[in-house]
Structure formats: C-alpha cells, structure tokens
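The chains referred to below are lettered A, B, ... by the order of the sequence lines, with proteins before strands, and numbering in each begins at 1.
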Number of protein chains: 2
Amino acid sequence: MSEVNALKNDDTPKRVGSPVFQFSNSVDCVIFGYDAGVLKVLLIKSDLPQFFGQWSVLGDHVLVDEDLDRASYRVLRERTGLTNMFLEQVKTFSAIDRHPNGRVITTAYISLVNVKDHQLNILDNELQWHPVADVTTMAFDHKLILDTCLSTLRKKIQEEPIIFNLLEKKFSLRDLQLLFEEILHIEFDRRNFRKKLFATGMLKDEHEMESGVPHRPGKLYSFNKEAFEKVKGKSFVGLQF
Amino acid sequence: MSEVNALKNDDTPKRVGSPVFQFSNSVDCVIFGYDAGVLKVLLIKSDLPQFFGQWSVLGDHVLVDEDLDRASYRVLRERTGLTNMFLEQVKTFSAIDRHPNGRVITTAYISLVNVKDHQLNILDNELQWHPVADVTTMAFDHKLILDTCLSTLRKKIQEEPIIFNLLEKKFSLRDLQLLFEEILHIEFDRRNFRKKLFATGMLKDEHEMESGVPHRPGKLYSFNKEAFEKVKGKSFVGLQF
DNA sequence: ACAAAAGTGTTCAAATTACACCCATGG
DNA sequence: CCATGGGTGTAATTTGAACACTTTTGT
C-alpha cells in the first residue's frame with residue numbers, strides 16, 4: 001500500500017490512490033488488407049528519430065475530447081479516407097518503457113479493409129501495405145501488437161462473419177476459401193467448405209459470374225448481413241476447451 | 001485533421017498529434033466468486049460523493065511506474081490478500097464523461113477467485129459479495145463494465161478451463177456442473193456432461209469422497225493442469241460463426 | 001486440345017443427444 | 001424407509017471428413 005498512500009493528495013481517508021494526470025493515451029490501428037492472395041498490413045514509417053527507418057502501425061494520441069473508438073475511427077479516416085470500416089478494440093498495451101517520450105498507454109484496434117476500395121487513397125509513400133508474413137521488426141512494441149491482433153483476427157473470423165470486410169462486395173467462393181486459408185494457414189476441402197458456407201445462409205447469390213479468369217468462371221456472392229442477424233443469437237454451447 | 005494540427009507543439013512536420021499528458025489511467029477488477037450455488041461479484045461502496053451509496057468494482061489509478069497488469073494485480077492483492085489469482089485484461093473503457101474528476105481511462109480486468117480460500121480476508125464491510133444477478137445500478141460506468149466482463153466470462157469458460165478458479169481445489173462433478181449451469185443459464189444432461197469432461201482428460205481423480213452431504217457422496221476431482229497443457233495447442237477450426 | 005478451376009453427392013467415422021435404472025448416504 | 005443425488009450405457013441423430021468426375025472457360 002505504500003506507493004498508494006504516498007500519492008494521496010488530500011486529507012480524506014481514501015481506500016485508493018488519487019488520479020495522476022500524467023499519462024498520454026494513444027490508439028494503434030492494425031489495418032489488415034488482402035491483395036493478390038496475400039494478407040497484408042498497412043504500415044507507416046515511424047515519426048520518431050529513435051525508431052528511424054522502422055515501420056509502425058497507424059496510431060495517434062487520443063485527444064482530450066474523444067474516446068478511444070472515436071480516436072481510432074479518426075486515425076483510419078485521416079489515413080485511408082474510409083469512413084465505414086470494420087474497427088474493433090483488441091487490447092491495451094502499457095509497458096512502462098514502451099514509448100520513449102513518456103508514459104503512453106496505447107489501445108490496439110483491428111481493422112479490416114478492402115484494399116481495392118475506391119475511397120482508399122494512399123498517396124503518402126511512407127505509408128505502405130506489407131505482407132504480414134514478411135514483417136519482422138517494428139518500432140515501439142508494434143510487433144507484439146501486430147502479433148496479438150493477428151491472433152485475434154484468426155480467432156474472430158471463425159466466430160463472426162467479419163472476413164467479408166477484406167473482400168470486395170461481390171466475391172467467388174474460391175476467393176473466400178483462399179482468404180480463409182491464407183489467414184489460418186490451413187486448407188479446406190472445397191466441397192465441404194462450400195457446403196458449410198451455404199449452410200450458414202449468409203451468402204447471397206448475386207446471379208453474376210466472374211469474368212476475365214482463365215478458367216470456368218465462378219458465381220459471385222455477397223455477404224447477406226440480414227440473414228446473419230437473424231441467426232446470430234443462436235446459443236453455442238460446446239465446452240470445447 | 002484540424003484538431004490534430006491545433007495540438008502540435010513544435011516545428012517538426014508531424015503526421016500525427018503529439019502526446020497530451022493529461023490523462024489518468026485506472027484499472028477496474030471485476031472479481032467473480034461462487035458461493036452457495038450463486039455467481040457473485042466483489043463490490044465496494046464508492047469513494048466519491050457523486051456516487052454516494054452506490055457500488056463499484058475494485059479499481060485504482062495506475063501508478064506512473066507500473067503497467068496495467070501489475071496495477072490490477074496490486075488491487076487484488078491489497079483487497080483480497082490473494083496473490084496467485086486468475087487475472088486477465090478484458091477491455092478498456094474511455095467515455096469522456098465516465099469519471100467526474102477528469103479524463104480517466106480505465107481498463108477492466110476479470111478475476112476468478114475461490115470465495116472460500118483461506119487467504120481471502122475481507123474485513124472491510126464496505127466490501128461485499130453481491131449475487132451478479134441482483135446488481136442493477138452501479139457507480140461510474142461500472143454496470144457496463146460488469147456486463148462486459150460477464151459476457152467475456154461466459155464465452156471464456158467454454159474455450160479455456162478457467163472455471164476451476166471459482167471452485168475449491170477438490171470438487172465433485174456436481175459442483176462443476178452446477179457452476180457451469182449457473183454461469184451459462186443452461187442445463188446439461190448429467191451423463192453427457194460427465195462423459196465430456198472426462199474426455200478432456202483434465203480431471204484428476206483425488207480418490208476422495210465428499211462428506212457431510214445428505215445423499216450418496218460423490219468422488220472428488222481436481223483440475224489436472226499438466227494434462228491440459230499437453231492438449232492445449234490442438235487446432236480448432238470449425239467456422240462456426 | 002489443353003489447362004485450370006467450377007460445380008456437385010455419397011460414404012464413413014465421430015460427436016452429440018436423448019434417455020432410465022440401481023446405488024449409497026443422511027435424516 | 002425415504003429423499004436426494006451418484007454413478008453408469010446404449011441407440012438414434014447429427015455433424016464432420018474424405019474422396020472423383022464432369023463442365024465451362026481462356027489460351
């Protein structure tokens with residue numbers, strides 16, 4: 001208790017320490033994209049001289065009049081031009097020495113965007129897509145943040161239909177399967193995969209075909225959000241451990 | 001970008017805003033316990049006059065020389081005397097007006113403790129166990145925090161063997177089943193439940209029986225951590241959505 | 001015509017569910 | 001002896017896994 005008592009700053013008997021307004025908070029957005037069959041992450045060359053030449057995920061300090069969700073939304077809007085992206089809090093990182101300029105606590109967000117989206121204008125050439133598998137060292141603790149978000153991504157795509165955010169609006173079943181396989185590093189049997197996905201009722205037949213492919217074109221589907229919303233509440237109780 | 005530019009405090013062209021060390025960070029520990037067949041949460045009467053008479057979960061401000069994990073660990077140690085409890089970060093809450101004294105961002109932790117643990121000494125009568133189902137309004141945004149942690153608990157006990165933290169070291173299968181049922185609000189078939197749990201290999205037969213029960217005594221088991229560690233890595237790929 | 005992937009069913013194994021009787025203990 | 005829950009097995013159903021051939025398109 002000694003540290004706590006040492007920080008008390010009035011006479012009121014308090015059970016806990018008093019606020020110490022000496023922290024800065026930031027958000028870091030791990031933005032995943034999928035291009036040419038490869039899972040990618042959007043990185044920027046670090047601002048700080050201490051990390052010169054190293055890449056980091058997109059972040060910014062939280063402003064005093066915004067919450068974390070808004071801050072991360074702002075970062076994505078400013079960087080990519082997108083405004084309706086999938087964005088979700090993952091974890092908060094708080095190692096004492098994680099930021100050279102002082103005590104900065106950062107909350108990591110995961111975002112899934114469609115790289116081919118027309119709104120997505122990345123002109124800044126200090127901002128680039130990197131294949132996730134090629135990223136080794138990064139500025140700050142961003143490698144840890146990236147790895148954590150990648151684990152979260154792997155888990156979440158199996159629990160919720162968020163993977164569609166990485167594809168264009170209309171996609172073939174092959175696109176979808178290859179994307180699952182790229183992220184999870186496993187291979188699915190094509191027939192079983194199709195059966196399973198159709199069974200969810202989440203695929204809307206767009207009654208269109210691929211074009212320009214050097215083989216028999218596949219049908220195009222889109223994510224049927226309405227159908228998913230209806231089934232969503234289903235209680236899953238497996239005790240799978 | 002206007003807000004960001006407004007906060008720049010030097011001449012260096014920066015892509016992002018500069019740190020604003022005007023925040024306080026706290027941790028809030030949602031401590032779950034299980035007693036008399038009821039899931040409970042450990043709450044304390046609020047410190048603040050604004051929330052007089054209302055209950056809140058156990059929290060404290062993060063000190064400038066500790067990270068969030070250490071801060072939450074400290075809170076639990078100081079409050080309950082326990083030192084080796086299950087403790088895991090859940091989510092960070094950051095609404096601008098969540099704390100009346102200023103901009104306090106809090107990170108919620110979930111903890112599972114054994115209420116009957118001998119180390120657990122709760123003398124302070126402003127600190128009490130409440131049945132989770134009875135908690136309605138709370139101080140700050142703590143009801144939201146509690147609800148979030150309860151959802152997380154429900155999900156996690158189905159994915160990882162953390163539920164054993166709520167039971168005494170030796171327990172009967174009945175204890176375990178009732179606890180699952182209490183948390184998930186569903187009922188299991190007793191035979192299937194036993195089959196499933198035995199199949200995990202995580203139950204170690206303690207070759208002891210219950211005593212003092214007004215019916216045929218059941219065998220006592222403990223959680224076989226070693227057996228679990230071996231099986232843990234098994235790749236689960238279900239695409240269950 | 002060839003290469004490449006689309007589309008499509010069945011069979012087998014495994015997991016899950018539903019279900020009922022006798023047993024041991026305390027009161 | 002009665003009430004309460006302990007302990008056990010089997011059959012039916014559902015789900016998941018493995019597997020091959022024909023079709024369509026571009027080159």
- [ ] Not counting sequence neighbours, which residues clear ring pair (Phe, Tyr, Trp, His ring centres under 6.0 Å) with A:H130? List them please.
- [x]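 A:H130 satisfies ring pair (Phe, Tyr, Trp, His ring centres under 6.0 Å) with A:W55 once adjacent residues are dropped.
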
Can you measure [X] atom [atom1] to [N] atom [atom2] for me and round it to whole angstrom units?
{"X": "A:E208", "N": "D:dT24", "atom1": "CD", "atom2": "C1'", "result": "18 Å"}
{"X": "B:L173", "N": "D:dT8", "atom1": "CG", "atom2": "C1'", "result": "13 Å"}
{"X": "B:L197", "N": "D:dG7", "atom1": "CG", "atom2": "P", "result": "13 Å"}
{"X": "A:F193", "N": "D:dC19", "atom1": "CZ", "atom2": "C1'", "result": "18 Å"}
{"X": "B:R194", "N": "D:dG5", "atom1": "CZ", "atom2": "P", "result": "14 Å"}
{"X": "B:E181", "N": "D:dG5", "atom1": "CD", "atom2": "P", "result": "12 Å"}
{"X": "B:F171", "N": "D:dG6", "atom1": "CZ", "atom2": "P", "result": "14 Å"}
{"X": "B:D175", "N": "D:dG6", "atom1": "CG", "atom2": "C1'", "result": "13 Å"}

TODO: Classify the angle between the aromatic ring planes of B:F164 and B:F223 as parallel (below 30°), tilted (30 to 60°) or perpendicular (above 60°).
DONE: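 Ring orientation, 0 to 90° scale: parallel.
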
Task: B:S46-B:S56 side chain donor-acceptor pair, cut-off 3.5 Å - done: no

Open item on the list: I'd like to know whether CZ of B:R70 has more than 12 heavy-atom contacts from other residues, nucleotides or ligands below 6.0 angstrom.
Closed with: no

First locate atom [atom1] of [X], then atom [atom2] of [Y], and finally report the distance between them rounded to the nearest 0.5 Å.
{"X": "A:L220", "Y": "A:E206", "atom1": "CG", "atom2": "CD", "result": "7.5 Å"}
{"X": "A:I105", "Y": "B:I105", "atom1": "CD1", "atom2": "CD1", "result": "8.5 Å"}
{"X": "A:R79", "Y": "A:S111", "atom1": "CZ", "atom2": "OG", "result": "13.5 Å"}
{"X": "A:Q177", "Y": "A:L197", "atom1": "CD", "atom2": "CG", "result": "8.5 Å"}

- [ ] Report the end-to-end axis angle of the helix from C:dA1-D:dT27 to C:dG27-D:dC1; each axis comes from five terminal pairs, and the value is rounded to 10°.
- [x] 10°

Task: Base-contact (B) and sugar-phosphate-only (S) positions in nucleotides 18-27 of chain C, heavy-atom cut-off under 4.0 Å, - elsewhere - done: BBB--BBBS-

Open item on the list: Below the 4.0 Å mark, does D:dG16 have OP1 or OP2 next to a side-chain nitrogen or oxygen of A:K196?
Closed with: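 It does, given that an N or O in the side chain of A:K196 lies less than 4.0 Å from OP1 or OP2 of D:dG16.
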
Open item on the list: Does B:R174 reach a base, just sugar-phosphate, or nothing at all? Heavy atoms under 4.0 Å.
Closed with: sugar-phosphate

Open item on the list: Looking at A:E210 and A:R216, is any side-chain nitrogen of the basic one under 4.0 Å from a carboxylate oxygen of the acidic one?
Closed with: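 Salt bridge: no.
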
